[in-house]
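Numbers restart at 1 for each chain; the letters A, B, ... are given by sequence-line order, proteins then strands.
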There are 2 protein chains.
Amino acid sequence: MQARDLAVAYPTVRMDTDALTAARLLTEHNRPGLIVVDDKGHPIAVLPGSQVLRSFIPAYVQDDPALARVLDEGFSDEICAKLADHTVEELVPKDRPLLLIANDDDTMLEIAAMMAGNRSPLVAVLDGKGKDASLLGAITAHDLLGAILPPPVEA
Amino acid sequence: MQARDLAVAYPTVRMDTDALTAARLLTEHNRPGLIVVDDKGHPIAVLPGSQVLRSFIPAYVQDDPALARVLDEGFSDEICAKLADHTVEELVPKDRPLLLIANDDDTMLEIAAMMAGNRSPLVAVLDGKGKDASLLGAITAHDLLGAILPPPVEA
């Protein structure tokens, strides 16, 4: 079994996608993060869900989370306005968490070793080779475990 | 809205749970990791899915993932045996990734600030106060976004 057999479609954004769109994609797909692709569809970064939250948290609360306690929570409309005002580019961590990238013919064990070695829950799989290759899909640690484990024996 | 309103049941293991059981829980619940609880049900660590993979990858492959390419992949039975031979305690990273812990009356904005500040996709919520308080559930970044965002306007 190779990477191409395990890869599933994964939600993507671009650097200029607004954060409100990114937030909606995250909630619709029930994923821990989004893959950021360039204009050619080549994967370049990962946007963790936790970073989308940053866009509507006032800076002084990020510095001291205890301050969140005293803030009024009636600010749902404000949050959407703030999300719409930011782009993915502003939210991708500057020291970007590594986006692991596999080739479509990498083996199951190669993918497992990449994830384990980098403590990453996600590997992007390219459709073909090279720096312009587009995204075929992605493999998560639990998808990989599901493919490896035999089905449980019925009691 | 407070942490107790957002927390959902989350799969847990103990330090002496075997890795095969942990692997099955991960695949059944479609979660990026498991929460490790002590004998009193108090959350103490997080076990990322990527770390479960470590238990069946030979050490020399972890050191050099390229070696995975030359290994025979007909080793599925072996994998289960290797998983059953390890415990969660052996797989939780020694420099444990921070498990964020919230109280049940923490506000939505407090939770968001914790996640954003620590780049964590997951916060465990205690049922009550103190170091022996048991786990009420957990909140993920995308659950939180789902609770915050208003439903999309129908076209």
Inset, instruction - Search all heavy atoms of B/I139 against all heavy atoms of B/A3 and return the closest pair with its distance. - result: CD1-O, 3.8 Å
Legend entry - Per-residue contact mode, A/L83 against chain B (heavy atom under 4.5 angstrom): side chain
Legend entry - Cluster check A/M1, A/L136: I/L/V/M/F/W/Y, side chain < 4.5 angstrom: yes
Inset, instruction - Go through A/A112, A/G49, A/G146 and name the one with the most non-hydrogen pairs under 4.5 angstrom from chain B. - result: A/A112
Legend entry - Largest heavy-atom contact set with chain B, pairs under 4.5 Å, which of A/T140, A/L145, A/L26: A/L145
Inset, instruction - Taking side chain to side chain donor-acceptor pair (under 3.5 Å) as the test, write out the residues that go with A/T17, two or more places apart. - result: none
Legend entry - Validation row: A/L6, A/D143 side chains within 4.5 angstrom (heavy atoms): no
